[in-house]
Structures are given as C-alpha cells and as structure tokens.
Asks: 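Please read through the structure below; I'll follow up with questions.
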Amino acid sequence: MIFVQRIFREKKLLTELETERLPQNAAPRLSHLKKLDFIQEKQNVLLIGSPGTGKTHIAIGLGIEACLAGYKVYFTTVSSLVNQLKESRSERTLRSFELRFEKYDLVIIDELGYISFDKEGAELLFTHLSLRAGRASTIVTSNLSFDRWEEVFHDPVLTAALTDRLTHRAYMIDMVGPSYRILDTKEWLENSSV
C-alpha cells in the first residue's frame, strides 16, 4: 500500500470505519458506494455535515478502494488545489494541469468551507470542477450546507452554477451528527487514570 502514502495524506480504510457511529443516512448509502458504481456512472458524491463525522474517512476509504480497483485517483484539500491552480496559472502551466486533472477517474476534494478564497481562486476552482461535470466522478467533503457555500465563493451566480453542476445526479450524504473525535476524547478521559 505504498501508493496510498503518495496519494492520500493518511490511510483510512472503510473496514476501519465504525459504521454504527455514522450519521443515520450515511451507513446505508456507504454500502452502495463501496461498489464504486458511481465512478462508472460518472456521478459525484457530496459528504456535507458537521466536523468529525467521518466525511474525510469515507472519502479516503472510497479513494483507496478505487485505487485497488484500478481507477486513477487524485486527492487534495480545497486550499491546496486552489494554490496549485494559482501557481499553474502564474507559471503558464495551467493547461497541462487541466489535462492531467481531466484524466483522473476520481478526484477527491476535501475540506470545502474551512477556508474562503479570493475571486481568482473561486473562478479557477469553478472552472476545474466544471471540466469534470458529467465526465468523471468527484467527491467533495464540506462542513458547510449548500446555502452557505456563497461564504466561500463570494459570488451568488458562481455558487449557484457550481452547486448545480456538482449536485446533478449526485449522491448527497447528510453527515450532520456528533464528532467522532469528541466522543473518543470523552471515552479516553473516562477510561484514563488522570
């Protein structure tokens, strides 16, 4: 699993996921998504909800399963992707980045909503996600509901267009619930001798 370290920031397998702790709507959808049919159908997966509910774990787990099935996968955070796009534009290598970006069977974009960006970043992200719409699968994790995405993109028209493209025939999974990390910390404190 050396490839996992190069593609993903950490190894999170679906078999390690405590499905009983997932938000109510997530576990039934996860069993369907594990089949990876959404990649063949060129559909998106949007994991939207509270921090610490397993969004990134599910996204990475599906990405690892896709790699093992022979799909080309790219994982990034939104802030890292926007920085790469800006650097590519300034170095006049944006077109070659676009060509590589289009070839991935699955792109996973983590942490939409944690950091807002300027107009250039919003437009570059919109353009590159639009390139994939209906042509290849994208997984997006976000702690913000769709009605708050304008806080990140700062443009109601661009936000509406991006949401429309991403949600078309997409699996939208409500990940609102208690944080795994907070629950683990409480359990740890209760069981520790401190």
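The structure displayed is predicted, hence computed values, not measured ones.
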Asks: Is a donor on one side and an acceptor on the other found under 3.5 Å between the side chain of Thr53 and the backbone of Ser179?
Replies: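 Judged by distance alone, no pair lies under 3.5 Å.
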Asks: Looking at Gly113, is its backbone amide N or carbonyl O close enough to the side chain of Ser142 to form a donor-acceptor pair, meaning the two atoms are under 3.5 Å apart?
Replies: no
Asks: Which heavy atom in Ala122 sits nearest to a heavy atom in Phe117, and how many Å separate them?
Replies: N-CD1, 3.5 Å
Asks: Just wondering, do Ile60 and Glu10 contact through their side chains at under 4.5 Å, heavy atoms?
Replies: yes
Asks: Could you check if a side-chain atom of Tyr71 sits within less than 4.5 angstrom of a side-chain atom of Cys67, using non-hydrogen atoms only?
Replies: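 Side-chain contact under 4.5 Å: no.
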Asks: For Tyr180 and His57, test the side chains for any donor-to-acceptor distance below 3.5 angstrom and give the result as yes or no.
Replies: no
Asks: Sequence neighbours excluded, which residues qualify as salt bridge (charged side-chain N to carboxylate O under 4.0 Å, His left out) partners of Asp118?
Replies: Lys86
Asks: For the residue pair Val73 and Ala66, what are the closest heavy atoms and their distance?
Replies: CG2-CB, 3.7 Å
Asks: Compare every heavy atom of Ser130 with every heavy atom of Arg165, then report the nearest pair and how far apart it is.
Replies: CD-OG, 3.2 Å
Asks: Specify the closest pair of heavy atoms between Phe38 and Leu33, including all atoms of both residues, with the distance to one decimal.
Replies: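 The answer is CE2-O, 3.6 Å.
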Asks: Could you tell me the separation between the CD1 atom of Ile58 and the NZ atom of Lys34, rounded to the nearest 0.5 Å?
Replies: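 That separation rounds to 9.5 Å.
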Asks: If the threshold is 4.0 Å, N to carboxylate O, is there a salt bridge linking Glu41 and Lys35?
Replies: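 Salt bridge between Glu41 and Lys35, a charged N being under 4.0 Å from a carboxylate O: no.
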Asks: Side chain of Arg135, backbone of Leu131: donor and acceptor closer than 3.5 Å?
Replies: yes
Asks: Is there a side-chain contact (heavy atoms from CB on, under 4.5 Å) between Ile48 and Met175? Walk through the geometry before answering.
Replies: CA-CA 5 Å; Ile48 312 294; Met175 297 294 292; over 6 Å; no
Asks: Would you call Val140 and Leu47 a side-chain contact if the rule is heavy atoms closer than 4.5 Å?
Replies: no
Asks: Test salt bridge (charged side-chain N to carboxylate O under 4.0 Å, His left out) on Arg9 and Glu111 and set out the steps.
Replies: CA-CA 13 Å; Arg9 63 182 181 197; Glu111 300 178 347; 3.2 Å; yes
Asks: Is any side-chain heavy atom of Glu98 closer than 4.5 Å to a side-chain heavy atom of His128?
Replies: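 Side chain of Glu98 against side chain of His128, heavy atoms only: contact under 4.5 Å found.
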Asks: Closer than 3.5 angstrom, by distance alone: can the side chain of Asn44 be matched with the main-chain N or O of Leu166 as a donor-acceptor pair?
Replies: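 Such a contact is found between Asn44 side chain and Leu166 backbone.
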Asks: I'd like to know whether CD of Gln24 has more than 12 heavy-atom contacts from other residues, nucleotides or ligands below 6.0 angstrom.
Replies: no
Asks: Please confirm whether the backbone N or O of Ala170 pairs with a side-chain atom of Thr167, one donor and one acceptor, at under 3.5 Å?
Replies: no
Asks: Strictly distance-based, threshold 3.5 Å: is any side-chain N or O of Thr19 a donor or acceptor partner for the main-chain N or O of Ala27?
Replies: no
Asks: For Ile182, does the CD1 atom sit with more than 12 other heavy atoms under 6.0 Å from it, leaving out its own atoms?
Replies: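 12 or below, so no.
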Asks: For the pair Asp164 (side chain) and Ala160 (backbone), establish whether a donor and an acceptor sit closer than 3.5 Å, ignoring hydrogens and angles.
Replies: no
Asks: For Val82 and Leu124, what are the C-alpha separation, side-chain angles and deciding distance, and is it a side-chain contact (heavy atoms from CB on, under 4.5 Å)?
Replies: CA-CA 7 Å; Val82 169; Leu124 285 167; 6.0 Å; no
Asks: Does any part of the side chain of Val78, heavy atoms only, come nearer than 4.5 Å to the side chain of Tyr114, both counted from C-beta?
Replies: no
Asks: Does His154 have any ring-ring contact (aromatic ring centres under 6.0 Å, His included) partners at least two apart in sequence or in another chain, and if so, which?
Replies: none
Asks: Less than 4.5 Å apart, any side-chain heavy atom of Asp155 and any of Lys119?
Replies: no
Asks: Is Arg132 reaching over with its side chain to a backbone N or O of Tyr104, donor-acceptor style, under 3.5 angstrom?
Replies: yes
Asks: Decide, yes or no, whether a salt bridge links Glu87 with Arg89 under the criterion of side-chain N to carboxylate O below 4.0 Å.
Replies: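 Judged by the 4.0 Å cut-off on N to carboxylate O distance, Glu87 and Arg89 do not form a salt bridge.
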Asks: Side-chain contact, heavy-atom cut-off 4.5 Å: Leu106 with Tyr74?
Replies: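 A side-chain contact under 4.5 Å is absent here.
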Asks: Determine whether Ile108 and Leu129 fall in the same hydrophobic cluster, where Ile, Leu, Val, Met, Phe, Trp and Tyr are linked whenever their side-chain heavy atoms lie under 4.5 Å apart.
Replies: no
Asks: Taking NZ, NE, NH1 and NH2 as the nitrogens, is one of them in Asp37 or Lys42 under 4.0 Å from a carboxylate oxygen of the other?
Replies: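 Judged by the 4.0 Å cut-off on N to carboxylate O distance, Asp37 and Lys42 do not form a salt bridge.
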Asks: Has the side chain of Ser116 got a donor or acceptor atom that lies under 3.5 Å from a matching backbone atom of Glu151?
Replies: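 Not at all, since once roles are kept as given, no pair shorter than 3.5 Å links the two residues.
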Asks: Would Arg29 and Asp174 count as a salt bridge (charged side-chain N to carboxylate O under 4.0 Å, His left out) if you check the C-alpha gap in whole Å, the side-chain angles of each, and the deciding distance to 0.1 Å?
Replies: CA-CA 10 Å; Arg29 295 258 179 106; Asp174 182 358; over 6 Å; no
Asks: Would a distance-only check, ignoring hydrogens and angles, find a side-chain to backbone donor-acceptor pair under 3.5 Å from Ser80 to Thr77?
Replies: no
Asks: Between Thr56 and Asp110, is any side-chain donor less than 3.5 angstrom from a side-chain acceptor?
Replies: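 Yes.
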Asks: Please step through side-chain contact (heavy atoms from CB on, under 4.5 Å) for the pair Leu85 and Leu94, ending with a clear verdict.
Replies: CA-CA 7 Å; Leu85 292 169; Leu94 190 57; 4.0 Å; yes
Asks: Can you list everything that forms a ring-ring contact (aromatic ring centres under 6.0 Å, His included) with Phe146? Sequence neighbours excluded, please.
Replies: Trp149
Asks: Just say parallel, tilted or perpendicular for the rings of His32 and Tyr171, cut-offs at 30° and 60°.
Replies: tilted
Asks: Do Ile64 and Leu13 make a side-chain contact, defined as non-hydrogen atoms from C-beta onward lying under 4.5 Å apart?
Replies: yes
